[in-house]
A.B. asks: 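Here you go, one structure.
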2 protein chains.
Amino acid sequence: MYSKELLKGTLSVIVLNILAENGRMYGYEIFQKVKELSDGKILLKDGSLYPALQKMKKEGLLTCEEVYIGKRIRKYYLLTKKGKEEKVHYLEELQDFIATISKVINPQLKIS
Amino acid sequence: MYSKELLKGTLSVIVLNILAENGRMYGYEIFQKVKELSDGKILLKDGSLYPALQKMKKEGLLTCEEVYIGKRIRKYYLLTKKGKEEKVHYLEELQDFIATISKVINPQLKIS
DNA sequence: AAACAATACATCATAATTCTATGTATTTAA
DNA sequence: TTAAATACATAGAATTATGATGTATTGTTT
């Protein structure tokens, strides 16, 4: 697993992009999708994911639909308009950051 | 500037790689080099950099040579053997992380 | 039937890291 | 002579994810 700190600042971007790709999803489903796409390398903790979803809902990035599956509740989250807009910003920022840090760390790649 | 959290976990890798490239450097010089290589996008704060250097010294990743320039002190840092080894690990971890998060966030790139 | 794993949510104290603010002091440029 | 740049440092605040813990249902294995 990765140094725990590397993931910091990326949870929101991950959730926004996963939801943008897959439409409405519930927490556990997001956990599984991220696990699958990362080949088991990024395992979101429930102690991180559920509070993050709540926070993003409060910020108006997500809305929530509660559905009962038998006796068990599921909270489906989906992007709001604001969430879709912010997703673009977050993604650009992350990609820019990755490009920049690559330049800082691999200056030998100056040539290409 | 980037969301402050994105940089988390990357400070050590940055310092290790900058020192590996440039040999011995002092704090302010590292700040300038990172600023230059990142086109002003990554501005290490002295409140982050100096404590980080001290911590890495404590961990045995760096050694320090104090030099007086006139009346002003300069603390040159350089990689230890352990620092050189850890640099490789840190770098691999970061590159793996970047590759993984790119996969999670850009699943449309499945094809290539 | 019982036991265990997986599903599905949640909260809270803790840890880890960086930032802001603040401080000191020298050197260089305007 | 005044401001900016150089060069270090510390301490409290902020942010965020983790670990521990809790509840409860559903599916699988023995």
Side-chain angles (χ1 to χ4, degrees), chain A residues 1-16 24-36 38 40-59 61-62 64-77 90 94 97 101, chain B residues 1-16 24-36 40-59 61-62 64-77 90 93-94 97 101:
Chain A
M1 262 308 70
Y2 300 118
S3 144
K4 293 140 205 231
E5 298 302 321
L6 279 181
L7 208 62
K8 289 214 172 166
T10 63
L11 216 181
S12 302
V13 207
I14 289 174
V15 170
L16 289 175
R24 77 172 205 172
M25 298 175 88
Y26 54 98
Y28 195 72
E29 204 178 3
I30 295 174
F31 161 77
Q32 287 175 311
K33 195 70 185 174
V34 172
K35 181 183 174 188
E36 176 202 330
S38 68
K41 288 177 179 172
I42 297 180
L43 301 170
L44 304 181
K45 316 300 178 196
D46 40 13
S48 314
L49 181 57
Y50 294 116
L53 289 170
Q54 291 164 12
K55 189 189 164 211
M56 293 168 82
K57 188 185 164 195
K58 260 188 207 153
E59 293 170 343
L61 303 175
L62 308 179
C64 181
E65 294 169 5
E66 305 196 356
V67 176
Y68 275 89
I69 306 293
K71 287 178 183 172
R72 180 185 291 166
I73 200 173
R74 260 190 205 161
K75 296 192 175 176
Y76 282 95
Y77 289 93
Y90 276 57
L94 180 61
F97 177 71
I101 202 161
Chain B
M1 261 309 69
Y2 301 117
S3 146
K4 295 139 203 232
E5 298 303 320
L6 278 182
L7 208 63
K8 289 215 171 165
T10 62
L11 218 181
S12 302
V13 207
I14 290 174
V15 169
L16 288 175
R24 75 172 207 173
M25 298 175 88
Y26 54 98
Y28 195 72
E29 203 179 5
I30 295 175
F31 161 79
Q32 287 175 311
K33 195 71 184 173
V34 171
K35 181 183 173 188
E36 176 203 329
K41 288 177 180 173
I42 296 179
L43 302 170
L44 303 181
K45 315 301 178 197
D46 40 13
S48 312
L49 181 57
Y50 294 116
L53 289 169
Q54 290 165 13
K55 191 190 162 212
M56 293 168 81
K57 189 185 165 197
K58 260 187 207 154
E59 293 171 342
L61 303 175
L62 308 179
C64 180
E65 293 170 5
E66 304 196 358
V67 177
Y68 276 89
I69 306 293
K71 287 177 183 173
R72 180 185 291 167
I73 200 173
R74 259 191 205 162
K75 296 193 174 176
Y76 282 96
Y77 289 93
Y90 276 57
E93 188 186 38
L94 180 61
F97 177 71
I101 202 161

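A, B, ... follow the sequence lines: proteins, then strands. Residue 1 opens every chain.
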A.B. asks: Output all residues satisfying salt bridge (charged side-chain N to carboxylate O under 4.0 Å, His left out) with Glu29(A), sequence neighbours left out; order by chain, then residue number.
C.D. replies: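 For Glu29(A), no residue satisfies salt bridge (charged side-chain N to carboxylate O under 4.0 Å, His left out) once neighbours in sequence are set aside.
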A.B. asks: The criterion is salt bridge (charged side-chain N to carboxylate O under 4.0 Å, His left out); which residues satisfy it with Lys55(B), sequence neighbours excluded?
C.D. replies: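 Partners of Lys55(B) by the salt bridge (charged side-chain N to carboxylate O under 4.0 Å, His left out) criterion, ordered by chain and then number, come out as Glu59(B).
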A.B. asks: What pairs with Thr10(B) under side chain to side chain contact (heavy atoms under 4.5 Å, CB included), at least two apart in sequence or on another chain?
C.D. replies: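 Per chain and number, Thr10(B) pairs via side chain to side chain contact (heavy atoms under 4.5 Å, CB included) with Leu6(A), Phe97(A), Ile101(A), Leu7(B), Ile14(B), Leu94(B).
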A.B. asks: In this structure, how many angstroms lie between the P atom of dT26(D) and the OH atom of Tyr68(A), rounded?
C.D. replies: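 Rounded to the whole Å, the gap is 12 Å.
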A.B. asks: Would Glu66(A) and Arg74(A) count as a salt bridge (charged side-chain N to carboxylate O under 4.0 Å, His left out) if you check the C-alpha gap in whole Å, the side-chain angles of each, and the deciding distance to 0.1 Å?
C.D. replies: CA-CA 6 Å; Glu66(A) 305 196 356; Arg74(A) 260 190 205 161; over 6 Å; no
A.B. asks: Separation of Leu7(A) atom CG from dA16(C) atom P, in whole Å?
C.D. replies: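 Value for this atom pair: 17 Å.
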A.B. asks: Rounding to an integer number of Å, can you tell me how far Tyr2(A) OH sits from dT18(D) P?
C.D. replies: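 Rounded to the whole Å, the gap is 14 Å.
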A.B. asks: Identify, with sequence neighbours excluded, every residue that meets side chain to side chain contact (heavy atoms under 4.5 Å, CB included) alongside Lys33(A).
C.D. replies: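 Expected list: Ile18(A), Asn22(A), Met25(A), Glu36(A), Leu37(A).
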A.B. asks: For Tyr50(A), what residues pass the side chain to side chain contact (heavy atoms under 4.5 Å, CB included) criterion, not counting sequence neighbours?
C.D. replies: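 In terms of side chain to side chain contact (heavy atoms under 4.5 Å, CB included), with neighbours along the sequence ignored, Tyr50(A) is linked to Tyr28(A), Asp46(A), Leu53(A).
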A.B. asks: Tell me which one of Phe31(A), Tyr76(A), Tyr77(A) satisfies ring pair (Phe, Tyr, Trp, His ring centres under 6.0 Å) with Tyr26(A).
C.D. replies: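 Option passing the ring pair (Phe, Tyr, Trp, His ring centres under 6.0 Å) with Tyr26(A): Tyr76(A).
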A.B. asks: Round to a whole Å and report the spacing from NZ of Lys58(A) to C1' of dT15(D).
C.D. replies: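 So the two atoms are 15 Å apart, to the nearest Å.
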A.B. asks: What I want to check is whether an N or O donor and acceptor connect the side chain of Lys8(B) with the base of dT15(D) at under 3.5 Å.
C.D. replies: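 In this structure, the two groups form a donor-acceptor pair.
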A.B. asks: Could you encode protein contacts along nucleotides 3-13 of chain C as a string, one character per nucleotide from 5' to 3', using B for base contact, S for sugar-phosphate-only contact and - for no contact, with a heavy-atom cut-off of under 4.0 Å?
C.D. replies: ---SBSBBB--
A.B. asks: Can you check the Glu5(B) CD to dT17(C) P distance for me, whole Å?
C.D. replies: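 Roughly 13 Å, once rounded to whole Å.
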A.B. asks: Excluding sequence neighbours, so at least two apart, what forms side chain to side chain contact (heavy atoms under 4.5 Å, CB included) with Lys41(B)?
C.D. replies: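 Listed in chain order: Asp96(A), Thr100(A), Met1(B), Tyr2(B), Ser38(B).
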A.B. asks: Heavy atom of residues 9-16 of chain B under 4.0 Å from DNA chain D: which residues?
C.D. replies: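 Of all residues in residues 9-16 of chain B, none places a heavy atom under 4.0 Å from DNA chain D.
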A.B. asks: Nearest of dT27(C), dT26(D), dT18(D) to any side-chain atom of Lys45(A)?
C.D. replies: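 Within the option list, the nearest is dT18(D).
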A.B. asks: Figure out the NZ/P separation between Lys55(B) and dT10(D), and round it to whole Å.
C.D. replies: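 Between P of dT10(D) and NZ of Lys55(B): 15 Å.
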A.B. asks: Taking atom C1' of dT16(D) as reference, at what distance in whole Å does atom CG of Leu44(A) sit?
C.D. replies: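 It is 14 Å, rounded to the nearest whole Å.
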A.B. asks: Go through the structure and list residues passing salt bridge (charged side-chain N to carboxylate O under 4.0 Å, His left out) with Lys57(A), not counting sequence neighbours.
C.D. replies: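 So Lys57(A) forms no salt bridge (charged side-chain N to carboxylate O under 4.0 Å, His left out) with any residue.
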A.B. asks: Write down the distance between CD (Glu59(A)) and P (dT15(D)), rounded to a whole number of angstrom.
C.D. replies: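 After rounding, the reported distance stands at 11 Å.
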